2 protein chains.
Amino acid sequence: MPITKTTSFNQKQNALAHVAKALGHPARIAILQVLMEQETCVCNDIVMQLPLAQATISQHLKVLKDAGLVKGEIAPNKSCYCINPEGWKLAKVILGDFMEAYEDQATDLCCD
Amino acid sequence: MPITKTTSFNQKQNALAHVAKALGHPARIAILQVLMEQETCVCNDIVMQLPLAQATISQHLKVLKDAGLVKGEIAPNKSCYCINPEGWKLAKVILGDFMEAYEDQATDLCCD
DNA sequence: TATCACCATCGTAATTTTGCGATGATATAA
DNA sequence: TTATATCATCGCAAAATTACGATGGTGATA
């Protein structure tokens, strides 16, 4: 595979793709929803609420952490895993800006 | 892999993940940006503007079509590939709703 | 008809993702 | 000290993604 993904595109494109990719799996969406509903940051309720093994959840959480959507203080026993407000806000802006960039002025001009 | 992704999660979660996944690759972002800048729907400028083979672009376009973000009338010669206004709007809502669902009320409560 | 431009699809190879059991590490509770 | 609970990580297997060359199909053009 000659083309190396990350070097061929600019920073914005890579950043956007990175966040979107993290959201690109239903399990990860479900995990985020659990974290949203959770007032306290107590964790591992995730494992109970989802039909996935603990190792799998942990893996998904890592992806979400890498994307900056989640942060976690791994204080064993008093575990803490929650949404990263800064990262979330940034993701919202990045995604929002991109989606807003297209205004459907061409609705009637385009294709059929 | 016992758990079959699509059956274990609800419709909304799958729909969201599906769109996000389509956005989860820099090449696809770049393709959409080309389509956004393109007033006319003339295509294959994409192939010229990106460092990817035609077959690869075509594959990415298929992913974007499946996600409803792009539509294409394959009228040979007078080709037409453009952003799908309806699908785009829907994606914007789906993504937007999800990202808005989290308000950072817990910024100070959470973790550290 | 033969050629050209445009695009989908097939076949293939490398890489990445996904999922899970097993294992280890760490702090608390018994 | 000995469990127990919580979570990360390793190792493995199956599946999906990514990229490309080659091929084929189709409409316009020479």
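Proteins come first, then strands; the chains are lettered A, B, ... in the order of their sequence lines, and each starts at number 1. Since the model is a prediction, treat every value here as computed from it, not as a measurement.
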Review point. Which of parallel (below 30°), tilted (30 to 60°) and perpendicular (above 60°) describes B:Phe9 and A:His25?
Key: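 The arrangement is perpendicular - the two ring planes meet at more than 60°.
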Could you state the [atom1]-[atom2] distance from [X] to [N], rounded to the nearest angstrom?
| X | N | atom1 | atom2 | result |
| --- | --- | --- | --- | --- |
| B:Leu61 | C:dC6 | CG | C1' | 13 Å |
| A:Asp66 | C:dT16 | CG | P | 14 Å |
| A:Met48 | D:dA5 | CE | C1' | 12 Å |
| B:Leu52 | D:dT17 | CG | C1' | 14 Å |
| B:Leu64 | C:dA8 | CG | C1' | 16 Å |
| A:Ile57 | C:dG21 | CD1 | P | 13 Å |
| A:Tyr81 | D:dT6 | OH | P | 15 Å |
| A:Ile46 | D:dA8 | CD1 | P | 9 Å |

Verify the contact: side-chain N or O of [X] to OP1 or OP2 of [N], cut-off strictly under 4.0 Å; return yes or no.
| X | N | result |
| --- | --- | --- |
| B:Lys21 | D:dA16 | no |
| B:Ser58 | C:dA8 | yes |
| A:His25 | C:dG19 | yes |
| B:His60 | D:dT17 | no |

Can you name the side-chain contact (heavy atoms from CB on, under 4.5 Å) partners of B:Asp45, sequence neighbours left out?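 For B:Asp45 the side-chain contact (heavy atoms from CB on, under 4.5 Å) partners, ignoring immediate neighbours, are B:Gln38, B:Val42, B:Gln49.
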For this session: Could you pull out all residues at least two apart from A:Gln33 that satisfy side-chain contact (heavy atoms from CB on, under 4.5 Å)?
Result: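 Counting only residues at least two positions away or on another chain, A:Gln33 forms a side-chain contact (heavy atoms from CB on, under 4.5 Å) with A:Ile29, A:Met36, B:Gln13, B:Phe98.
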Quiz item: Just checking, is any N or O donor in the side chain of B:Lys92 or A:Tyr102 under 3.5 Å from an acceptor N or O on the other one?
Solution: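 B:Lys92 vs A:Tyr102: no donor-acceptor pair found between side chains.
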Query raised in the report: From D:dA19, C:dC20, C:dA8, pick the nucleotide closest to the side chain of A:Thr56?
Result: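 Of the candidates, C:dC20 comes closest.
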Any chance you could measure B:Ile83, atom CD1, to B:Ile31, atom CD1, to the nearest 0.5 Å?
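Those atoms lie 11.5 Å apart.
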Drop me the distance from B:Leu50's CG to B:Thr56's OG1, to the nearest 0.5 angstrom.
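If we round to the nearest 0.5 Å, B:Leu50:CG and B:Thr56:OG1 are 10.5 Å apart.
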So does B:Lys21 get a backbone contact from the side chain of B:Arg28, meaning a donor-acceptor N/O pair under 3.5 Å?
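Looks like yes, one N/O pair under 3.5 Å.
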Is there a donor and acceptor pair closer than 3.5 Å between the side chain of B:Gln59 and the base of D:dA19?
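Per atom types, the contact qualifies.
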Whether the side chain of B:Gln54 and the base of C:dA8 hold a donor-acceptor pair under 3.5 Å is what I'd like checked.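 Donor-acceptor pair under 3.5 Å: yes.
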### Message
Can you pull out the residues from residues 27-34 of chain B that lie within a 4.0 Å heavy-atom distance of DNA chain D?
### Response
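Within residues 27-34 of chain B, the residues near DNA chain D are B:Arg28.
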**Message:** Reading DNA chain D from 5' onward, which residue's closest nucleotide shows up sooner: B:Ala55 or B:Val63?
**Reply:**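 Looking at DNA chain D, the more 5' nearest nucleotide goes with B:Val63.
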